[in-house]
Amino acid sequence: MSSFDESDAFEGAVLSLSQQAMAARSTPYLDGLNPEQRRAVEALDGPVLMLAGAGTGKTKALTTRIAHLLTTGRARPNEILAVTFTNKAAREMKNRVAGLLGETVEGMPWMGTFHSICVKLLRRHAELAGLKSNFTILDTDDQIRLLKQLIRAENIDDKRWPARMLAHLIDNWKNRAWTPDKVPSSEAAAYNNRGTEIYEAYQARLKTLNAVDFGDLLLHVVTIFQDHPDVLAKYQNWFRFILVDEYQDTNVAQYLWLRLLAAEHKNICCVGDDDQSIYGWRGAEVGNILRFEKDFPGAAVIRLEQNYRSTHHILAAASGVIDGNEDRLGKTLWTEKNDGEKLRLIGHWDGEEEARWIGEEIENLQTGTRGLDPVSLDHMAILVRASHQMRAFEDRFLTIGLPYRVIGGPRFYERLEIRDAMAYFRVTVSPDDDLAFERVFNTPKRGLGDKAMQQVIHAARNNGVSLLEGLRISLEDGALGARYRKSAGALLNGFDRWRLAAHRGDNHIQLAEIILEESGYTDHWKAEKTPEAPGRLENLKELVKALEQFENLQGFLEHVSLIMENEQEDATEKVSIMTLHAAKGLEFPAVFLPGWEDGLFPSQRSMDESGLKGLEEERRLAYVGITRAEEICTISFAANRRIFGQWQSALPSRFIDELPVDHVEILTPPGLYGGGFGAAATPGMDGVTRGSALEDRVRSADVYNSPGWKRMQARSQQRTMGQPREARNVVIDLEAVSSFGLGDRIFHQKFGYGAVTAIEGDKLSVLFDKAGEKKIVASFVTGIDDVPF
DNA sequence: TGCGGTGAATTTTTT
DNA sequence: ATTCACCGCA
């Protein structure tokens, strides 16, 4: 579009007007930096690679650099391109830059995720990709449904060749920036020799639907840049300074995108840590960061090596592990902190005992045994390799009444009910959205099955119109069977009415409620008696609430597809449970790393599929895990674990053998695993040693009186200052206990509805309708007015 | 069309 | 073990 320069310049106007004032301003923000950070901030010209180890203050350096660019007047806010991978990271960057400058940074339109920036670019130049600028963004689910249709049309057995597989394949190709014509012939055998062919058909179908998938966002923009040098040149000139966070996670498409944009000014600053590259399986190329100096000749390479997060022992242990990797740029982290506590290593008989032990440890920390002050649950985390490991902890914590939060579970906008509701909104806003139409045609069930759908599709095809119009035609010419007419007519009328209301500019929040009401969608969940139903209704309310932040439905839908997260923090202190991947970038005073067994961690599958490369990535994952800890890091493993309902025994992880002995304290008692490091372990040892001996040993461990422990508690206290600390829910909720009687119907967040079968102090035995009998702390259930049984 | 039974698959995750 | 998808029957 030709409006390029004006609109861009305009977007930045808010901040740039104070540019002169800024140039004259002093630079107090530089004072808090160490020499390397300062170098990274002040080396403004030419390519810079900032190798920032874990906990070395890279976000500080990055944001200060931006502040410096602005303050010195080297760039206007809208001439800086700053890319991150997640919305969270982008938000934090914005906030911190604002904090440094002491004002809000409204005028930085090009700070965001790769994807959100690409959406912006693509909406401007959509026609160059054969799209209209109001294209829809399909998520993984839409993508798979679409592929399924194509696969069926091609008469391929989607049992043997699942759509999921094809979706991954196409994603991988897009990550490598391969359009259908650029997929190399070496890939020809993919997906039963039909891969490229269906890829091409898929892209064509997307174009007719005026839709793109996530991979397309980058791919289309890269393609536009490559095919239209004039467009590229504008942006190359415009972005005087480029900053990239987590550069080690970039894939080929993102790399090309960056290289094209940086070609003119070459002021590109990439921040990353090759030792924290853990996303190889989704296309990230560590090679990008390893190759930086070749790609950008004359690049300044700055290493941030002073770690401000962890104690010496933790750092040394992490370094010892990561030393096992071959391909590294090499950094030596150091700290001015004290030695602190050694890492603690403990073996368990099985996964349940591991969960039990960690639960006790957490309670010890939390309540503060031996007269020591308590540590907040918010400052403890359990980091697992695979999400199925979480359940053992959830089960255990529910029974003992330990509050926890799972981070990175199913995302809000991926939930069934949210996607359904949004499909209604989509058809309302864009009647051409066939995918959305298909989704809601018989949702909730209104008697419109496959046959009715086929008729509508038929009518739409014959007349070359959307499915919604196809429905209208089918009703008008009577092609649709009499039995369908009533409900189909109601649906059509509904959409007509809602669309009119939207055009009229009716309040979009009310409109959303009306749509969900009149379509029968809320009623459908009200009528449903499954344990999830109340939660789903709750989520729908949340969705409507989220609309408040937008002008209208249209605006909401345009933005929402890229914000796949929901963060609703409640005030209760909780232990965090998450995967190692989700933990990247976070830090906690106390960290538990369970499940260090060969096959689970390092993951067998990773090693099978990617061999040594896979193992090295797993090792980096171990490094990420250990370096999350500030004061206390506890690694554990179990000899036996139930996997897919089958008991399996395992050897301790090879990473355990790689831990430097001097920095580890072994809590595993003699007798279990021969008492030594994991190396001597033999699975299937006698069960006699489990239980008391081990627990005694743990209880007698004197870590609670160590200096490191006390420091951690001191810090934990500081952080929670200002927040009232009463009402810790370890205290038995007497009211809750007394309010339940035998046979009462209750509801539980995780297990759903059930009936009380026994009461024992604050613990209830509950026979759940779905989940069977469980022992639950009374305060975790709510009574319901339902008639018993 | 919708329900209930049987069989197969099952890392890591953002956008 | 548990979930999810599909098939056959009412």
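Each chain gets a letter, A, B and so on, in the order the sequences are listed, and its residues count up from 1. Values reported hereafter were calculated over all heavy atoms of this structure, with side chains retained and with hydrogens, waters and symmetry mates removed.
A salt bridge links A:Lys58 and A:Asp245; the closest N-O separation between the charged side-chain nitrogens and carboxylate oxygens is under 4.0 Å. Using a cut-off of 4.0 Å between Lys/Arg side-chain N and Asp/Glu carboxylate O, A:Arg654 and A:Asp598 are scored as salt-bridged. In this structure, A:Arg620 pairs ionically with A:Glu617, as a charged nitrogen and a carboxylate oxygen lie closer than 4.0 Å. A salt bridge between A:Arg328 and A:Asp275 is present, with a side-chain N of the basic residue lying under 4.0 Å from a carboxylate O of the acidic one.
Comparing A:Arg483 and A:Ser606 by the nucleotide of DNA chain B whose heavy atom lies nearest to each, the residue mapping closer to the 5' end is A:Arg483. Toward the 5′ end of DNA chain B lies the nearest nucleotide of A:His581, the other residue of the pair A:Leu217 and A:His581 mapping further downstream.
In the set C:dT2, B:dT13, B:dG2, the nucleotide with an atom closest to the side chain of A:Lys445 is B:dG2. For A:Glu609, taking side-chain heavy atoms from C-beta onward, the closest of the listed nucleotides B:dT11, B:dT15, B:dT13 is B:dT11. Residue A:Phe214 places its side chain closer to B:dT15 than to any other of B:dT15, B:dT11, C:dT2. Checking B:dT12, B:dG2, B:dT11 against every side-chain atom of A:Arg605, the shortest atom distance belongs to B:dT11. Checked against B:dT11, B:dT15, B:dT12, the side chain of A:Ser387 finds its nearest nucleotide in B:dT12.
Regarding A:Arg164, its CZ atom lies at a distance of 14 Å from the P atom of B:dT13, rounded to whole Å. Protein atom CG of A:Leu416 is 15 Å distant from nucleotide atom P of C:dT3, rounded to whole Å. As a whole-Å value, the separation of A:Leu383 CG from B:dT12 P is 15 Å. Atom NE2 in A:His388 sits roughly 8 Å away from atom C1' in B:dT10 (whole-Å rounding). For A:Arg619 and B:dT12, the CZ to P distance is 21 Å, given to the nearest whole Å. With rounding to whole Å, A:Gln389 atom CD is found 18 Å from B:dT10 atom P. The separation between A:Tyr279 atom OH and B:dT13 atom P is 7 Å, rounded to whole Å. Going from atom NZ of A:Lys584 over to atom P of B:dT11 covers 21 Å, rounded to whole Å.
A:Thr579 has a side-chain polar atom (N or O) that falls below the 4.0 Å cut-off from OP1 or OP2 of B:dT13. Side-chain N/O atoms of A:Asn87 include none lying less than 4.0 angstrom from OP1 or OP2 on B:dT14.
Residues forming a side-chain hydrogen bond (donor to acceptor under 3.5 Å, both in side chains) with A:His168 (at least two apart in sequence, or on another chain): none.
Residue A:Arg642 is out of contact with every strand shown, counting any heavy-atom pair closer than 4.0 Å. A:Leu448 comes within contact range of the sugar-phosphate backbone alone, with a heavy-atom separation under 4.0 Å but no base atom that close. Residue A:Gly215 is out of contact with every strand shown, counting any heavy-atom pair closer than 4.0 Å. Using a 4.0 Å heavy-atom criterion, one finds that A:Glu618 contacts no nucleic acid atom at all. Counting any heavy atom pair closer than 4.0 Å across all strands shown, A:Thr140 reaches a base atom.
Both thresholds, 5.5 Å between centres and 30° between ring planes, are met by A:Trp281 relative to the base of B:dT12, so the two rings are stacked.
Ring-plane geometry between A:His125 and A:Tyr235 is classed as perpendicular, the angle between the planes exceeding 60 degrees on a 0 to 90 degree scale with a lower cut at 30.
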